[in-house]
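These figures come from a predicted structure and were not determined experimentally. By convention here, the first residue in the shown sequence is residue 1.
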Amino acid sequence: MTIVSEHVSTDTLRAQFRSEVNLAARVIPTHYPLETFIAVNPLAGLETMPFEQAVLRAGDLYGLAGLLSETAYRDLYHRGRITDADLESALRLRYPALLDGAAIRFGTRTVTPAELLLGDLLHGRLAAQPLRRNVTRSERTAPQVAVRVDAQCAKWCAAFFGSPAAGWPMPGRDRGFFPAWRALAAGDHTLPRRVRAELHKVPDRADEAALQALLRLGVADDERITYLQAHLTRLPGWAAHVRWYAERAGGADLVDYLAIRLTYESVLLSGDAGEPLPEPETVNRPPVRSVRERAADLARQWRLDEVSSGELDTAAKILAALPVTARSVVWQQAYEAHYRDSLLKSLVHNATHPSGKRPNAQLVCCIDTRSEGLRRHVEDRGAYETLGFAGFFAVAIRFTSLAGGAPDDLCPVLIRPEHEVRESATPTAAGAARRLREGSAIMAGADAAFQTAKQALLAPFTLAEAAGWAAGPWSAAKTLSPAATGSLRRRLRDRLAPPAPTVLSVNDTVDLAHRALYAQVALTTMGLTSGFARLVVMCGHGSTTENNPYQAALDCGACGGQPGGPNARTAAAILNNADVRAELSERGITIPDDTWFVAALHDTATDRVTVLDEHLVPASHLPDLRRLITDLGAAGAELAAERCAVLPGGPARPDPARAARHVANRSNDWAQVFPEWGLAGNAAFIVGPRAMTRGIDLQRRVFLHSYQGEVDPDGSALETILTAPMVVAQWINCQYFFSTVAPEFFGAGTKTIHNVVAGVGVLAGHGGDLQLGLPRQSLTDGQSFGHEPMRLLTIVEAPLERIDMIVERNPVLMHLFGNDWVALAARESPGQDWQRWTRSGWRRWEPEADINNTTEGNNPNEEVLPCR
């Protein structure tokens, strides 16, 4: 064991420690606060590893499997969700030469290598659960101390990060996390006097305190990074939030957080000052059964007598190719293959062709999976064309509404807004605008006063006496009749702050060159460079729910976890501008004079589409708009009826009118834990023309991004799609995946016991770790999967050489595709075979039907458990 030399300078030791913290932090995700909750891959720091290795590494770090249990997979097999053909397809992909080997004698049977491996998958003894390998000294020697360290750290994190919004600031908070903690911790009378005395001696600097604690704990130089990771993964939620906070604000970072944890551990583990710490114990792992024992187990399962020793050895050689730890990955591949193969077959057989006529209107929706259902039902209403594009519509803005207040950053979280856009009243609506601002101020002031009263020391008692007589009946009404109370709130809001016609400042505050560039990028990327309809609707989305801390998770991720209405309005304003159109014409994109862009907002909880800025639409286009609004209403009601069939507690076969009322009631119900499924069920990301998917019911499981390869000869548009929207879709996919397979670490538990920590996040109960992922009710109804945990399949229609070029020059894509975090299938044109991207080149996608010589239907969800 190497201990740091006393001759090394203090500055060098500090710098080295901070570098080690940065390296250790790669294994934890970033946790965004509830106001802008953004889906992330909790194992993003491991994406440079193959997925299979990353899952094993996560087992070492957290003690989790990272996949469904073998028992769960076997249950799916017995239900028919995974078939023999799926398993053989997955095995052939991994072991093509082995499966082509000769059959062997096994007792009284002759079995093929495939049958042996399938038998082991179905009947082999279950693998042992993973164990945390990187553990702290207290975990090994005094588990009660480890629990106490966690409790203390969670308490101080909640006090520091949650206090500003709660209205009770932590004393000394302005000096930073560690100084504020140091000033208060020694006065914590829940700790023994000896511990408080030791805390009085903690150094002023966080890095020095951490180094002192590591020395006291006897952590060697070469084990420091893994030891820091052991502490970070004890409370991964708080550690992830500290990481996010450090990147965006001052006063707290992971050095502070680790210094506090290490100090508590070193002090609590030492019985008396100066007493040496206990020697760490080793972690014993259960023995792994040999492949020969696995072969013998299989012989007994098949009731085979007289299996010779040589036959066991031969069978063992085959089984050795499939370690017990890899069986779950094979199951997962088979589970995914069932859906993927069926989806790709349905796209091969799809023969939808555009009519060539000018559509009545074009609807540009977000790529969000929930938009797929709206697009499908709108197209069923008549001559409508739909397209998919990221919901911020390529305009990264900081938006201030007419009511004022703090501006909102409406763009992906990795992008900084480039321009300020403000909302102002039209010239004839100054009075209405003033009334809206005054009414909004009254409502905001009343809410602020109520919240302040609740948080004050004595005021809650007075508040209960004064307002309890009204609060009780109101609460009962909200519970018993959510629709009526929701309608009453809307009428009150409209009376105090009635809506006013407004315009946006984008054409006045953003120079023409930037506006023209935004327009060109958006239109080229989605392939809409000709054939414009008279009405083109830029349709953002949001979600209206009550009493839902995870509201932002249901809004538009491309808009920073907020509704995309302002972005749609901004894009429409730019594209309607005559100067912008003139610039586009010079760049080869001619928008007809009779084309008008309209903004709209799709509420994914109610499936109602609201047209925005209707007062700006020319009179010549109003008849078209009225017809479109009628059809959007009908399409939304039909989509609501479709969704009701899978919403927990929803009517099984409602007519559209009843379904629309039902989802509206759910939206207003403050006791509803299933207001909508969100993006549960997401499984694929399709990049190509709408003709690929039009007419196919994709069951709201697919991200749809429009793309026309012929208008993108240099591949810049495709590169943007694969490195931005596709990557975000992979974050969403992984958030849902790991929240489902490892809910105890990467989920958020049940909503029914959530306690909100200001705007930071939620706790499951009264304390403990900040919950990292999605609540249980976003994933399952307890009977079946709301979300089937599958890695994302990306499907592209574009020249294969173009895709290769893009992947090769983007390390993020090489990691995702090359390490099996995302599967990539592509073809150059309709009718061609799908090709699978691999590190060694393109290979024909071999569906399980080809292997089994069977024919299945074209439904991509055939034999799939109820989902969403």
Side-chain angles (χ1 to χ4, degrees), residues 26-27 29 41-74 76 82 86-99 117-118 120-121 124 126-134 233 285 288-289 291 294 318-340 683 730-731 733-742 745-746 788-794 811-825 836-840 843 846:
R26 292 180 179 177
V27 301
N41 177 8
L43 300 186
L46 305 179
E47 285 179 353
T48 55
M49 298 180 180
F51 176 82
E52 188 170 342
Q53 292 181 21
V55 166
L56 293 175
R57 176 68 174 140
D60 293 340
L61 289 167
Y62 296 98
L64 59 86
L67 295 167
L68 294 174
S69 68
E70 286 188 271
T71 301
Y73 286 121
R74 289 173 181 178
L76 290 167
I82 302 174
D86 299 328
L87 287 167
E88 188 168 342
S89 174
L91 289 168
R92 185 167 294 280
L93 194 63
R94 292 172 67 95
Y95 315 114
L98 179 64
L99 260 64
L117 295 175
L118 285 171
D120 188 58
L121 285 165
L126 301 179
Q129 288 297 307
L131 296 174
R132 266 173 63 93
R133 292 176 62 104
N134 296 352
T233 53
R285 282 182 167 271
V288 177
R289 290 182 67 76
V291 288
R294 288 163 59 193
I318 295 173
L319 293 177
L322 180 61
V324 171
T325 54
R327 287 199 308 227
S328 289
V329 177
V330 173
W331 276 113
Q332 180 65 30
Q333 290 171 328
Y335 182 52
E336 294 165 341
H338 190 92
Y339 173 83
R340 291 172 174 178
Q730 187 260 346
W731 294 350
N733 176 264
C734 284
Q735 179 95 85
Y736 275 87
F737 183 102
F738 289 109
S739 291
T740 302
V741 302
F745 290 95
F746 299 134
E788 291 192 320
M790 295 187 287
R791 289 169 290 178
L792 190 70
L793 169 65
T794 294
V812 64
L813 298 180
M814 186 62 75
H815 290 153
L816 293 179
F817 298 142
N819 290 332
D820 294 325
W821 291 88
V822 179
L824 175 59
R836 183 194 301 268
W837 186 93
T838 71
R839 285 185 179 272
S840 57
R843 295 171 50 190
E846 298 282 355

Enquirer: Can you name the closest pair of heavy atoms from E846 and S89 and give their distance?
Expert: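 Looking at all heavy atoms of both residues, the closest pair is O-OG, 4.1 Å.
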Enquirer: Does the side-chain contact (heavy atoms from CB on, under 4.5 Å) test come out yes or no for Q333 and R340, once each step is laid out?
Expert: CA-CA 10 Å; Q333 290 171 328; R340 291 172 174 178; over 6 Å; no
Enquirer: Do N733 side-chain atoms and M790 backbone N/O form a donor-acceptor pair below 3.5 Å?
Expert: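 Between the backbone of M790 and the side chain of N733 there is a qualifying donor-acceptor contact (under 3.5 Å).
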Enquirer: Using a 4.5 Å cut-off on heavy atoms from C-beta on, say whether the side chain of T233 contacts that of F745.
Expert: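 Counting from C-beta outward, F745 and T233 never come under 4.5 Å.
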Enquirer: Using side-chain contact (heavy atoms from CB on, under 4.5 Å), reason through L824 and L816 one step at a time and then give a plain yes or no.
Expert: CA-CA 9 Å; L824 175 59; L816 293 179; over 6 Å; no
Enquirer: Report yes if some heavy atom in the side chain of I318 is under 4.5 Å from a heavy atom in the side chain of Y95; otherwise report no.
Expert: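 Not in contact.
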Enquirer: State, with a plain yes or no, whether a side-chain heavy atom of F746 is found less than 4.5 Å away from one of L64.
Expert: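 SC-SC contact between F746 and L64 confirmed.
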Enquirer: Which heavy atom of E47 sits nearest to which heavy atom of N819, and what is that distance?
Expert: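 Taking every non-hydrogen atom into account, O-ND2, 3.0 Å.
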Enquirer: Does some side-chain heavy atom of N41 sit less than 4.5 Å from a side-chain heavy atom of W821?
Expert: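 Sidechains of N41 and W821: in contact.
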Enquirer: How far apart are the closest heavy atoms of T48 and H815, and which atoms are they?
Expert: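 Residues T48 and H815, closest heavy atoms: CG2-CE1, 3.6 Å.
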Enquirer: Just how far is it from atom CD of E336 to atom CG of D86, taken to the nearest 0.5 Å?
Expert: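 The distance works out to 11.0 Å.
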Enquirer: Could you go through L117 and L319, starting from their C-alpha distance and side-chain angles, then the distance that decides it, and tell me whether this counts as side-chain contact (heavy atoms from CB on, under 4.5 Å)?
Expert: CA-CA 6 Å; L117 295 175; L319 293 177; 4.1 Å; yes
Enquirer: Which atom pair, heavy atoms only, marks the closest approach of L98 to A321?
Expert: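 That closest heavy-atom pairing would be CD2-CB, 3.6 Å.
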Enquirer: Of the non-hydrogen atoms in P42 and C734, which two are nearest, and what is the gap between them?
Expert: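 Closest approach of P42 to C734: CD-O, 4.1 Å.
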Enquirer: Between L91 and L118, is there a side-chain heavy-atom distance shorter than 4.5 Å?
Expert: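 L118 reaches L91 side chain to side chain.
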Enquirer: Within this structure, what is the CD-CG distance for the pair E788 and L76, rounded to the nearest 0.5 Å?
Expert: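 Nearest 0.5 Å value for the CD-CG distance: 8.0 Å.
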Enquirer: Below 30° counts as parallel, above 60° as perpendicular, anything between as tilted: where do the rings of F817 and W837 land?
Expert: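 If you compare the ring of F817 with that of W837, the planes turn out tilted.
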Enquirer: Please assess L67 against F737 for the test side-chain contact (heavy atoms from CB on, under 4.5 Å), listing each intermediate value before the final yes or no.
Expert: CA-CA 9 Å; L67 295 167; F737 183 102; 3.8 Å; yes
Enquirer: Could you pull out the closest heavy-atom pair between R74 and D120, with the gap in Å?
Expert: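 Between these two residues, the closest heavy atoms are NH2-O, 3.7 Å.
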Enquirer: Decide yes or no for E52 and R94: does some side-chain heavy atom of the first lie under 4.5 Å from some side-chain heavy atom of the second?
Expert: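 Yes, close enough: below the 4.5 Å cut-off.
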Enquirer: Heavy atoms, side chains only, cut-off 4.5 Å: are L87 and I82 in contact?
Expert: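 Touching, per the 4.5 Å side-chain cut-off.
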Enquirer: Between R327 and E70, does at least one N-O distance fall below 4.0 Å, as a salt bridge requires?
Expert: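 A salt bridge links R327 with E70.
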Enquirer: Please confirm whether the backbone N or O of G124 pairs with a side-chain atom of R294, one donor and one acceptor, at under 3.5 Å?
Expert: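 Answer holds: no.
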Enquirer: For S840, what residues pass the side-chain hydrogen bond (donor to acceptor under 3.5 Å, both in side chains) criterion, not counting sequence neighbours?
Expert: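 With sequence neighbours excluded, S840 shows a side-chain hydrogen bond (donor to acceptor under 3.5 Å, both in side chains) to T838, given in chain and number order.
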Enquirer: Please tell me if the side chains of M814 and R839 come closer than 4.5 Å, counting only heavy atoms from C-beta onward.
Expert: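 Counting from C-beta outward, M814 and R839 do come under 4.5 Å.
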